[in-house]
Amino acid sequence: MTVLWSDHVADLMPYMPGEQANIPNLLKLNTNEHPYGPSPLAIAAIREAASEDLRLYPDYQALALRQTIAQRYGVTPDQVFLGNGSDEILAHAFNALFLRQGRPLLMPDVTYSFYQTYCCLYRVPHVCLPLADDFSIRISDYIDWKGEAPAGIIFANPNAPTGKLLGLDDIAAIVRAHPDSSVVVDEAYIDFGGRSAVELLAQFDNVLVIHTFSKSRSLAGLRVGYAMGSTSVIEALTRTKDSFNSYPIDRLAQAGARASMLDEAYFQSTRRAVMDARELLTQKMVTLGFNVLPSQANFVFARHPQHDARQIQRLLREQGVLVRHFQQPRIAEYLRITVGSPEDCERLCNALTLILDESH
Ligand SMILES: *Cc1c(COP(=O)(O)O)cnc(C)c1O
């Protein structure tokens, strides 16, 4: 019955999330969820919010949560924007910032694939600039860009799915070179070893930094993301959001996210545990013969010179271990594997050992 569809729907390119399988004794290392649960204080706050008050709409401005985030990062509440997951913030950013007289959006050829989806949805003209051979972002391609002045530039940092980090000075150089473009830095993984570009807000109005509670704060199921930018950029996002859905962050989400943000000690210890496990996993996989890119995220990106990535993924799945593979030019040989607990990493490596042994 596609005759009933709006004209553009057949041409959409929906994002394909990693599998949420229903397999007994599953080890899920395919969507970069956190191995440890959220802060117990967050769970308690959600329980408390699950009350009669749910008959009332939430605070559409989510002021308490925005104040807490602003304080944590040294910005003002009107520099903070919230979304139902950072994916929703990205959608609003594409709509609010990247549609300017046909000017292009610049982004890496290998990055978070949702950006392509939003380009398609909002018909944002875009140019993909190839990463260097070692998968680093070549900042000169952006700084010395000779084409039409871009409406914006977007990349994930650390980049997905490579885990490679771009330094703050390099980001500042891009931002400085394009004062009339919005530079959106998607920092979904920044808490696993990078330095946030939020510092640049003291100097620049044209940078938007997007974070999520889904990864380092282990609240993927709560659906909360936040962005920090100049008041003018945040106003553009807010106008767009309030033309779409005034209440994207429900009462439970506002309470849970705020309690999570206030529990600094839990945040620090759990992110540290993941970073330690990442080093352990990297070493073990190198021992198994994998090339593992140095990662500053909660996943590793690795290939085995003698084994097909797709095949390894399939055989891992037979052992109840899910990892992510992207059938995409340049990276089809790689697997993206979430860093779990030390026990998770051990189970993964045992499964990999079995697969590599059996195929000889
Ligand atoms: C996981 C992820 C997101 C989305 O996170 P949500 O807040 O759960 O929507 C955004 N960007 C990148 C690069 C991610 O990996």
Side-chain angles (χ1 to χ4, degrees), residues 14-20 28-35 38 42 62 65 69 80-94 105 107-119 121 131 135 137 152-166 171 183-194 196-197 208-228 237 241 245 248-250 253-254 256-257 260-261 271 274 278 293 295-301 322-326 328 331 334-339:
Y15 177 76
M16 199 34 143
E19 183 183 11
Q20 296 286 352
K28 240 184 124 289
L29 303 176
N30 65 334
T31 51
N32 299 339
E33 289 142 332
H34 202 293
L65 174 55
I69 293 169
V80 179
F81 179 80
L82 296 169
N84 189 269
S86 57
D87 286 338
E88 188 184 73
I89 300 176
L90 287 165
H92 289 323
F94 274 67
L105 171 69
M107 64 173 139
D109 63 339
V110 176
T111 189
Y112 186 39
S113 60
F114 225 136
Y115 306 153
Q116 289 279 356
T117 296
Y118 292 131
C119 282
L121 174 62
L131 297 178
F135 291 136
I137 290 176
I153 295 169
I154 189 167
F155 52 87
N157 195 47
N159 199 10
T162 64
K164 278 218 150 190
L165 184 77
L166 192 63
I171 296 173
V183 179
V184 176
V185 188
D186 179 353
E187 295 189 333
Y189 302 105
I190 198 69
D191 294 327
F192 299 106
S196 174
L208 181 72
V209 180
I210 303 184
H211 285 199
T212 177
F213 282 82
S214 298
K215 312 285 166 52
S216 58
R217 292 182 183 272
S218 194
L219 284 166
L222 201 62
R223 309 309 302 132
V224 187
Y226 54 105
M228 293 168 288
L237 294 175
K241 168 222 154 208
N245 178 4
I249 320 294
D250 62 61
Q254 291 187 27
S260 163
M261 186 61 65
R271 85 183 175 107
V274 170
R278 176 181 69 209
L293 294 193
S295 168
Q296 301 296 322
N298 68 335
F299 56 83
V300 295
F301 201 52
L322 298 186
V323 301
R324 194 88 197 261
H325 174 259
F326 298 94
Q328 193 191 314
I331 57 169
Y334 285 81
L335 293 172
R336 192 197 68 189
I337 305 178
T338 305
V339 176

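In each ligand, atom 1 is the first atom listed, and ligand 1 is the first ligand listed.
Ring geometry, Y115 versus Y112: the interplanar angle exceeds 60°, so the pair is classed perpendicular (tilted spans 30 to 60°). Taking the six-membered ring where tryptophan is involved, the planes of F114 and Y15 are essentially parallel, since the angle between them stays under 30° and well short of 60°.
Partners of T162 by side chain to side chain donor-acceptor pair (under 3.5 Å), not counting sequence neighbours: none found. For R223, the side chain to side chain contact (heavy atoms under 4.5 Å, CB included) criterion is met by N84, D87, S214, not counting sequence neighbours. With sequence neighbours excluded, the residues that form a side chain to side chain donor-acceptor pair (under 3.5 Å) with H211 are Y73, E187, Y226.
Here F326 and F301 keep their ring centres 6.0 angstrom or further from each other.
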Distances under 3.5 Å, N/O of ligand 1 against N/O of the protein: list each pair and its distance.
{"from": "ligand 1", "atom 1": "5 (O)", "to": "S86", "atom 2": "OG", "distance (Å)": "3.1"}
{"from": "ligand 1", "atom 1": "7 (O)", "to": "S86", "atom 2": "N", "distance (Å)": "2.6"}
{"from": "ligand 1", "atom 1": "7 (O)", "to": "S86", "atom 2": "OG", "distance (Å)": "2.9"}
{"from": "ligand 1", "atom 1": "7 (O)", "to": "T212", "atom 2": "OG1", "distance (Å)": "2.5"}
{"from": "ligand 1", "atom 1": "7 (O)", "to": "S214", "atom 2": "OG", "distance (Å)": "3.4"}
{"from": "ligand 1", "atom 1": "8 (O)", "to": "S214", "atom 2": "OG", "distance (Å)": "2.6"}
{"from": "ligand 1", "atom 1": "8 (O)", "to": "R223", "atom 2": "NH1", "distance (Å)": "2.8"}
{"from": "ligand 1", "atom 1": "8 (O)", "to": "R223", "atom 2": "NH2", "distance (Å)": "3.3"}
{"from": "ligand 1", "atom 1": "9 (O)", "to": "S86", "atom 2": "N", "distance (Å)": "3.2"}
{"from": "ligand 1", "atom 1": "9 (O)", "to": "D87", "atom 2": "N", "distance (Å)": "3.0"}
{"from": "ligand 1", "atom 1": "9 (O)", "to": "D87", "atom 2": "OD2", "distance (Å)": "3.2"}
{"from": "ligand 1", "atom 1": "9 (O)", "to": "R223", "atom 2": "NH2", "distance (Å)": "2.8"}
{"from": "ligand 1", "atom 1": "11 (N)", "to": "D186", "atom 2": "OD1", "distance (Å)": "3.3"}
{"from": "ligand 1", "atom 1": "11 (N)", "to": "D186", "atom 2": "OD2", "distance (Å)": "2.7"}
{"from": "ligand 1", "atom 1": "15 (O)", "to": "Y189", "atom 2": "OH", "distance (Å)": "2.5"}
{"from": "ligand 1", "atom 1": "15 (O)", "to": "K215", "atom 2": "NZ", "distance (Å)": "3.0"}

